[in-house]
Structures are given as structure tokens and as C-alpha cells.
Number of protein chains: 2
Amino acid sequence: MALEHAILVSLLEKPGSGYELARRFDRSIGYFWAATHQQIYRVLKRMEGEGWIDVREVAQQERPDKKEYSVAALGRAALSRWLHEPIEPESVRHELAVKIRGAAFDDPAALIREVERYRQTHADRLARYLAGERRDFTGPQAPVPDAPDAGRELQHVVLRGGIAYERMTVAWLDDVLATLKGLAPGH
Amino acid sequence: MALEHAILVSLLEKPGSGYELARRFDRSIGYFWAATHQQIYRVLKRMEGEGWIDVREVAQQERPDKKEYSVAALGRAALSRWLHEPIEPESVRHELAVKIRGAAFDDPAALIREVERYRQTHADRLARYLAGERRDFTGPQAPVPDAPDAGRELQHVVLRGGIAYERMTVAWLDDVLATLKGLAPGH
DNA sequence: GTCACCATGTAAAGCGTTACATGATTGT
DNA sequence: ACAATCATGTAACGCTTTACATGGTGAC
């Protein structure tokens with residue numbers, strides 16, 4: 001249960017509305033923690049009730065008003081507490097792995113197209129991550145080497161993790177395709 | 001929603017009781033699809049009601065009786081239907097990535113011990129996978145090259161995926177550790 | 001005697017997904 | 001007209017997690 005903590009991190013990086021958070025969860029933060037706007041609005045309300053975040057009504061021109069949330073002292077404390085808790089091994093859900101083992105009892109060749117499609121989405125994601133890395137993490141580093149920007153370094157190492165994950169996945173899917181094609185010669 | 005399909009695959013590989021399934025979900029199948037015994041018992045009941053699986057009461061000596069489940073024709077059909085459905089991109093939950101970005105607003109050095117512990121669990125898992133590969137997938141292959149054992153090949157490619165994942169994770173965690181240590185010189 | 005293993009469940013609370021709902025503005 | 005974007009929600013249902021519950025056997 002850490003959606004609230006992901007929201008705290010995102011609001012510390014930049015305050016914003018529920019809608020803006022929902023869009024961030026379709027992009028940067030969402031690459032390693034998924035959430036829909038319905039979840040976000042529900043959790044924001046609870047966090048506000050618990051005093052973790054402050055709200056400010058912002059009137060906008062030619063757009064609906066929005067509620068801008070920012071992290072309160074209680075929220076910072078909650079985040080700090082959570083950061084010091086031990087990391088539990090996360091539970092895994094690799095649907096494709098289940099399907100591959102299931103294919104032994106069906107037609108393995110029927111999976112080939114699906115795996116190719118799946119491989120494409122991971123290759124696309126890898127390309128997107130690499131473009132983001134070039135955009136945000138090349139060029140001038142922090143000017144003084146003794147005082148690096150911790151946030152930037154940490155965001156970069158998380159992105160490198162995403163890149164390593166996608167590279168590994170694409171390579172494994174090539175292995176899967178070769179295996180499936182080896183079982184069904186003539187395709 | 002695919003716990004029922006993971007159970008079907010596991011029961012096709014070998015029929016067994018709810019308890020035995022729960023143990024398999026702590027081992028082989030559980031490496032890519034986690035489930036607790038409470039979930040399993042509930043789903044088994046529903047699957048039995050839908051006619052996907054058959055039950056057989058087995059009396060045992062010096063042990064409680066058990067209910068042995070096996071896949072019925074309706075279950076095989078349901079699995080086949082599911083295998084032909086498109087694979088949806090899975091939603092991700094990388095708690096550690098959230099913590100790393102959160103560490104920018106706290107003490108990054110405090111994460112080092114946790115990441116080291118986390119790295120150890122992944123290194124252990126990698127060692128276990130490699131031992132399993134040596135045990136189950138070396139030595140004589142199927143005697144006739146034209147008739148390979150599809151199930152064995154498919155189980156092996158899934159295991160290779162687990163190995164690739166753990167290797168990648170351990171390497172990334174080394175990167176994370178180097179980054180954290182670089183931010184806090186003198187630790 | 002206590003712990004681990006075998007074997008099966010119930011109950012409550014919280015979390016996640018899907019569908020529905022509203023209403024303004026901007027672009028084609 | 002229609003779709004997309006901005007902005008915020010409610011409702012229903014199902015899944016997951018955690019705790020509780022029972023009862024026998026075998027090993028140390």
C-alpha cells in the first residue's frame with residue numbers, strides 16, 4: 001500500500017491538482033507505479049483529511065478551477081517514516097509467463113503473434129526512455145562536483161533501471177520467439 | 001484477472017490439492033504469479049462450481065484427507081480461450097523506485113542498508129534459479145531432435161526469463177548503491 | 001512441550017477496476 | 001456537429017491482504 005507515498009513524492013517534486021497527478025501517473029511516475037484518476041482522487045481526499053497535504057483553490061482563466069495540493073509537515077513525516085520501513089519483496093504478476101507455460105497444452109505457435117506485439121510495446125517503451133535520458137540527463141551536469149543535485153541523480157538511476165528492464169525484456173522476448181518458432185518448424 | 005488460469009496451468013502440469021497448489025505458488029509458478037492459500041481455496045470453489053475442474057476425495061494414511069483437483073474439459077476450453085486473448089500491458093509496482101525518488105527529500109544514505117538487503121534477496125533468488133536450471137535443464141535433451149518436449153522447452157524459456165530478470169536487477173542495484181554512495185561521500 | 005507441517009476454511013477491511021456522470025473550452 | 005482536453009467526482013463490484021480458526025501427525 002504505497003499509492004499515497006508515490007503521491008507524496010510526486011507532490012514534493014512539484015505541487016499540482018488531482019488531474020495533473022493523474023497525467024504524471026501516465027508518464028514519469030507511472031512507469032513504475034500505475035494509478036487511475038479515480039484512485040488518485042479518493043486517496044487525495046483521505047490524505048487531506050489526515051492533514052498530510054494542504055489544498056489551495058486556484059482560479060484559472062478559460063479553464064475550470066483546480067485544487068492545487070502540496071505536502072504538509074505531517075505528510076513529510078509520513079513519507080520519512082515509510083522510507084525507513086524495510087522493503088518487502090514485491091509480488092510478481094507475469095501474465096505472459098503463465099501463458100507460455102499454458103501454451104504447452106494448446107498450440108504454441110498461436111502465441112507467436114502476441115509475443116511479437118508484446119515485444120513491440122517494450123521496444124517502444126525502451127526508445128521512449130532513451131529519448132528521455134538524452135533530453136534530461138545529458139549535457140551540463142551540476143556545476144560543482146562536490147554538490148551534485150541529489151534529486152536529479154536519483155531520478156536518473158531510476159530511469160536507468162527502467163532502461164535496463166526494457167532491454168532485458170526485449171532480449172528475453174527474442175529468446176521466447178526463437179523457442180516458439182523452434183517448436184513449430186515451418187512458420 | 002488470471003489466477004484461475006495460472007491454477008489451470010498448474011493443475012494440467014500435475015493435479016493436486018489446494019494446499020499443494022499453495023506450495024507451488026510459493027515456488028515454481030509463484031515466481032511469476034503470487035497467490036496465498038486463501039485466494040486459492042476461494043477460486044478453486046468457484047472453478048468447481050463452473051465445472052472447470054473435477055474433485056476427488058483422497059483418503060490418506062496418517063494425514064488429513066485431501067481434495068485432489070484436476071482440469072475438466074470446460075477448464076481446458078477456458079484456458080484455450082484465455083490463451084487466444086490479447087496480452088494487456090501489465091501495471092507495474094516498483095516500490096523501491098518510489099523510495100529512491102523519495103530519498104531526495106530525506107536522507108539518501110539511509111537507504112543504503114535497505115538496498116543492500118534487497119540486493120541480497122535477488123542474488124539469492126538468482127542462485128536458486130541457476131541451481132534449478134542445472135538440475136532440470138542440463139543433460140540429455142529429448143532423444144529425437146525432431147520431437148522435442150514442448151512443455152520442457154517452454155518451462156525452460158520461462159526460467160531463463162527469471163534468470164535474466166534477476167541478473168538485471170542485481171546489476172541495477174549495484175548501480176543504485178554506487179549512486180547513493182556517490183551522493184553521501186564518507187559512508 | 002513446542003514447533004513445523006499437512007489441510008481447509010471464514011471474516012473484515014482495504015484496494016483496484018470499470019462504468020457512469022457533469023460541464024466548459026478549443027480545434028477540425 | 002464531434003472529438004479532445006481540462007477538471008472533478010460517485011457507485012458497484014471484485015480482488016487482495018491480514019487476521020483468526022480448527023485439528024491431526026511427526027520431529028527434537
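The figures that follow rest on heavy atoms only: side chains count, while hydrogens, waters and symmetry mates do not. Numbered from 1 within each chain, the chains take letters A, B, ... in sequence-line order.
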Any salt bridge linking B:K45 with B:E48? Criterion: basic side-chain nitrogen under 4.0 Å from a carboxylate oxygen.
no
Candidate nucleotides C:dG9, D:dC15, C:dC15, ranked by approach to the side chain of A:R46 - the nearest
C:dC15
Pairwise 5' ranking along DNA chain C for B:E68 and A:Q39, keeping only the more 5' one
B:E68
Are side-chain heavy atoms of B:I53 and B:L8 found at a separation under 4.5 Å?
yes
Straight-line distance of B:D175 CG to A:R160 CZ, nearest 0.5 Å:
4.0 Å
Give a yes/no on whether any side-chain N or O of A:K66 is located under 4.0 angstrom from OP1 or OP2 of D:dG9.
no
Looking at D:dC6, D:dT10, C:dC5, which one has an atom nearest to any side-chain atom of A:R23?
D:dC6
Check every atom of C:dG16, C:dG9, C:dG23 against the side chain of A:L3 and return the nucleotide holding the closest atom.
C:dG16
Just to verify, what does B:R42 make a side-chain contact (heavy atoms from CB on, under 4.5 Å) with, not counting sequence neighbours?
none
Measure from the side chain of A:P64, starting at C-beta and using heavy atoms only, and say which of C:dG23, C:dG9, D:dT8 lies closest.
C:dG23
Earlier contact from the 5' end, DNA chain C, for B:D65 and B:R42
B:D65
Would one find a side-chain N or O of B:Y19 under 4.0 angstrom from OP1 or OP2 of C:dT8?
no
Name the closest nucleotide to the B:Q38 side chain, picking from C:dT8, C:dT10, D:dT16.
C:dT10
